[in-house]
Amino acid sequence: AAVAAAVVIAAATVEVAAMVVAVVAGATGLVGRAVLADLLAGNSPAAPSSAPPEVHVLHAQGRRAPDLPTHPRLHLHAVDFASLGARPVVPGLPEHVDDVYITLGTTIKAAGSQEAFRAVDLDAVIATARTALAGGATRCGVVTAMGADAHSRFFYNRVKGEVEQALKGLGFATLVIARPSLLLGERQALGQAPRAAESLSIRAFKLLDPLIPASYRARPGADVARTLVRAVQAGAREGVPQVRVLMGRELQA
């Protein structure tokens, strides 16, 4: 009986140890919601032997909690992203974190100014990454954009490039950067306002799709999400420090 009990305890210990804790910021967007769904499904072929992850979603404090599906492995945390970087502690977040997925993003029109845009697309991203690092995270997956370049003369591309540059300097063992072109998906179904310029661009891309090089074609947000999650999990399995940038053809699930 004692031996049997010891076996049960040992098995339970292994199961707990195998449980991965993932933090997600930006879980209501086209890519973020798909990342969340993929993690909760726990069926990625990149890590078939691991237990499905426990997922902790960070969302903006002072706003209505995101309308996300109820799940026993899903936990929500309201945070002030502006102060998160200086005090990287989130009440209720496990002491140890393994992975962080950051899909935060807005538009200058929605934000209201370039400064407000940077607060979301740069400052909140880095604050989330630092918080995960403080919890022991070694793997990070982030979505930026095609054309990201810290030295670009275009503000949007420059900010995205600055994000990548800053994340590379934080020391994650595995950093996966997804640089999609236009994202396909129903924003209104997610409760997001339609983006007129983006809608026009997507129509043009669809019409010209046969003529557009594969690396520049619009991709469904769900494809980008699945590719990102698999790449992060593959990095976890291989255990090799690396920075990987996913573009074009690679962002096909």
Colleague: On a heavy-atom basis, which atom in Ala225 and which in Ala34 lie closest, and how many Å separate them?
Modeller: CB-CB, 3.4 Å
Colleague: Closest heavy-atom contact between Lys168 and Ile177?
Modeller: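 The pair with the smallest heavy-atom distance is CE-CD1, 4.0 Å.
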Colleague: Just how far is it from atom CG of Leu58 to atom CG of Leu93, taken to the nearest 0.5 Å?
Modeller: 6.5 Å
Colleague: List the steps and the verdict of side-chain contact (heavy atoms from CB on, under 4.5 Å) for Leu228 and Val176.
Modeller: CA-CA 7 Å; Leu228 181 67; Val176 182; 3.7 Å; yes
Colleague: Is there any side-chain hydrogen bond (donor to acceptor under 3.5 Å, both in side chains) pair reaching into residues 137-153, and which pairs are they, with sequence neighbours excluded?
Modeller: Asp99-Arg139, Thr144-Glu164
Colleague: Atom CG in Asp98, atom OG1 in Thr174: separation rounded to 0.5 Å?
Modeller: 11.5 Å
Colleague: Taking all non-hydrogen atoms of both residues into account, name the closest pair between His59 and Pro66 and its distance.
Modeller: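 Shortest heavy-atom separation between His59 and Pro66 comes out as CG-CD, 3.4 Å.
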Colleague: When you look at CZ of Arg244, are more than 12 heavy atoms from neighbouring residues, nucleotides or ligands closer to it than 6.0 Å?
Modeller: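 Counting neighbours around CZ of Arg244, 12 or fewer heavy atoms of other residues, nucleotides or ligands fall under 6.0 Å, so no.
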Colleague: Check Arg73, His56, His75 against Val21 for a side chain to side chain contact (heavy atoms under 4.5 Å, CB included) and give me the one that passes.
Modeller: His56
Colleague: With sequence neighbours left out, write down each residue that passes salt bridge (Lys or Arg N to Asp or Glu O under 4.0 Å) with Glu54, or none if nothing qualifies.
Modeller: none
Colleague: Within this structure, what is the OG1-CD1 distance for the pair Thr128 and Ile102, rounded to the nearest 0.5 Å?
Modeller: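 So the OG1 of Thr128 and the CD1 of Ile102 are separated by 5.0 Å.
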Colleague: Do Val159 and Gln114 have side-chain heavy atoms sitting under 4.5 Å apart?
Modeller: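 No - every pair of side-chain heavy atoms lies 4.5 Å or more apart.
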Colleague: Determine, stepwise, if the pair Arg130 / Leu84 fulfils side-chain contact (heavy atoms from CB on, under 4.5 Å).
Modeller: CA-CA 9 Å; Arg130 290 186 182 279; Leu84 196 58; over 6 Å; no
Colleague: Using side-chain contact (heavy atoms from CB on, under 4.5 Å), reason through Glu115 and Asp123 one step at a time and then give a plain yes or no.
Modeller: CA-CA 10 Å; Glu115 291 74 16; Asp123 298 341; over 6 Å; no
Colleague: Provide the closest heavy-atom pair for Gly26 versus Thr103 in the form atom of the first, atom of the second, distance.
Modeller: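 Heavy-atom minimum between the residues: O-OG1, 2.7 Å.
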Colleague: Consider side chain to side chain contact (heavy atoms under 4.5 Å, CB included). Of Val79, Val23, Val97, which one does Val90 pass it with?
Modeller: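 Exactly one option meets the side chain to side chain contact (heavy atoms under 4.5 Å, CB included) with Val90, and it is Val79.
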Colleague: So how far is it from Leu68 CG to Arg33 CZ, rounded to the nearest 0.5 Å?
Modeller: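 The CZ atom of Arg33 is 5.0 Å from CG of Leu68, to the nearest 0.5 Å.
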Colleague: How long is the span from the CZ atom in Phe155 to the NZ atom in Lys160, to the nearest 0.5 Å?
Modeller: 10.5 Å
Colleague: Which atom names give the shortest non-hydrogen contact between Leu74 and Pro69, and what distance separates them?
Modeller: CD2-O, 3.1 Å
Colleague: Looking at every non-hydrogen atom in both residues, tell me the closest pair between Tyr156 and Ala145 and how far apart they are.
Modeller: CE2-CB, 3.7 Å
Colleague: Do any N or O atoms from the side chain of Thr106 and from the backbone of Phe117 form a donor-acceptor pair under 3.5 angstrom?
Modeller: no
Colleague: May I ask whether Tyr101 and Val120 are part of the same hydrophobic cluster, defined by side-chain heavy atoms of I, L, V, M, F, W, Y residues being less than 4.5 angstrom apart, directly or through others?
Modeller: no
Colleague: Please determine whether side-chain contact (heavy atoms from CB on, under 4.5 Å) holds for the pair Val125 and Asp121, giving the CA-CA distance in whole Å, both sets of side-chain angles, and the decisive distance to 0.1 Å.
Modeller: CA-CA 6 Å; Val125 171; Asp121 282 54; 5.5 Å; no
Colleague: Verify the cluster assignment for Phe154 and Leu122: are they in a single hydrophobic cluster under the rule of side-chain heavy atoms below 4.5 Å apart?
Modeller: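 In one cluster: no.
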Colleague: How far does CG of Leu246 sit from CZ of Arg230, to the nearest 0.5 angstrom?
Modeller: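 These two atoms lie 12.0 Å from each other.
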